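Data first, discussion second: the structure below is written as structure tokens.
These numbers were taken from a predicted model, which means no experiment stands behind them. Just follow the structure's listing: the first ligand is 1, and inside any ligand the first atom is 1.
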Amino acid sequence: MKANTLLQIAKDFGSPVYVYDAEKIISQYKRLTSAFNKVKHLRVNYACKALSNISVLKLLKSLGSGLDTVSIQEVRLGLAAGFEPKEIIYTPNGVSLEEIEQAASMGVQINIDNLSILEQFGTKFPDTPVCIRINPHVMAGGNTNISVGHIDSKFGISIHQIPHILRIVENTKMKINGIHMHTGSDILDIDVFLYASEILFETAKHFKQLEFMDFGSGFKVPYKEGDIETNIEEFGKKLTKRFNEFCKEYGKDLTLAFEPGKFLVSECGYFLTKVNVVKQTTSTVFAQIDSGFNHLIRPMLYGSQHEIVNISNPNGRERFYSVVGYICETDTFANNRRINEITEGDILAFKNAGAYCYSMASNYNSRYRPAEVLWINNEAKLIRKRETFDDIIKNQIEIDF
Ligand SMILES: *Cc1c(COP(=O)(O)O)cnc(C)c1O
């Protein structure tokens, strides 16, 4: 988006504010579906934990997307956004049998990732088709925070436990209609993904009533200059070929499913903040903005680098700044980063602020969570109000002493 447009939005809606460019979400969705246009039945289920605003959900629904959910609340949000139950897959981890039963009663596709619940659910509801999440033990990406397929991960049922799965399925007579993996949040290498896919194909052969295979996500998007990006077009070609071969072998045209979050919504987002103070110490120049990790935790939690642009002075001379927040805690967004010269009052735009930014925000320091704006058809639409003091106090119960 243009710096001027973003500046105007910051003026009109105040700061801090999240802005999402609808056009980018649409083009990413189309990029993914075109890469797999030789697959007969393709399903993209948007992983809505990345950015769960109901208007974003409705936009994705209008494109033909389904929904990947990880909690009963996300299921309800999806239904409220107009998704049909059968367009929603529910992929929780470590939730109670009660919550899974509740989701099943709403008619959504259940995905189970542990043997204990599989056996209990199958015994109680043998007629409800279930997908199984396996752990192929593939380490994709280098950061253990985001690699969920390796040997001691809490996600999925180990492929070494397939005999056990088969015993449960046989004993309960339950129907397994899907097989799933999600190996982590950063696939650096297509070959790693294809290798994991082979394991999923091997696993799929054990189940005769499959309707779909879900290859999860982990598509990488660039955050900073020089970052690798998943070559989705090449990946599409290679996996399509393998998938179509497999369907022939299996004797049925299965649905190929993905559940991307970051790929669809990371790059659409801009987080606009105002510089309150420029503080020169003996060694560093700090730019202190009207935000903190209460609004954007990824740099502190994952060490992720969001590009920061001074949209108030895009052509100014570059200088080095450490960009930090205003909460009473170390909340560093960037260390000694080259940014166009900053004056107090300038607006800084954080890029890649669509995925896992607002959805991870909190009220720490009793600050309000920001507003959210969707930029669509050259118009800025408010899709979430900034919180007010009422939101901070509304569930608190006062005791008089
Ligand atoms: C979070 C999640 C995703 C989305 O991952 P991205 O890296 O954002 O694409 C997909 N599937 C499951 C099960 C998830 O938990």
Here the atoms of ligand 1 under 4.0 Å from any heavy atom belonging to K262 are 6 (P), 8 (O), 9 (O)
Considering all heavy atoms of both residues, which atom of K274 and which atom of G345 are nearest to each other, and what is their separation? CG-O, 3.7 Å
Does the plane of the ring in F258 sit parallel, tilted or perpendicular to the ring in F219? Use 30° and 60° as the thresholds. perpendicular
Look at atom CZ of R76 and say whether more than 12 heavy atoms of other residues, nucleotides or ligands are closer to it than 6.0 Å. no
Tell me which part of H182 gets within contact of ligand 1: side chain, backbone, both or neither, using heavy atoms under 4.0 Å. side chain
For P260, is the nearest heavy atom under 4.0 Å from an atom of ligand 1? yes
Under 3.5 Å side-chain donor-acceptor pair for E341 and N313: no
Heavy-atom nearest neighbour of atom 10 (C) of ligand 1 within options M181, K49, E259: E259
Tell me, please, which residues at least two apart from N171 pass side-chain contact (heavy atoms from CB on, under 4.5 Å). R167
Within a radius of less than 6.0 Å around CD of E318, do more than 12 heavy atoms belonging to other residues, nucleotides or ligands occur? yes
Looking only at distance, does Y356 have an N or O less than 3.5 Å from an N or O of ligand 1? yes
N/O of G261 under 3.5 Å from N/O of ligand 1, yes or no? yes
Please work out, at 4.0 Å between heavy atoms, whether the side chain, the backbone, both, or neither of A47 comes within that distance of ligand 1. side chain
E198 with R242: basic N within carboxylate O range, under 4.0 Å: yes
Could you list which atoms of ligand 1 come closer than 4.0 Å to a heavy atom of T91? 13 (C)
Check: S217 N/O within less than 3.5 Å of ligand 1 N/O: yes
Pick one: which of Y18, Y223, F333 meets ring pair (Phe, Tyr, Trp, His ring centres under 6.0 Å) with F350? F333
Return a yes/no value for H180: is any of its N or O atoms, backbone included, closer than 3.5 angstrom to an N or O of ligand 1? no
Applying a heavy-atom cut-off of 4.0 Å, say which part of D68 lies close to ligand 1: side chain, backbone, both or neither. side chain
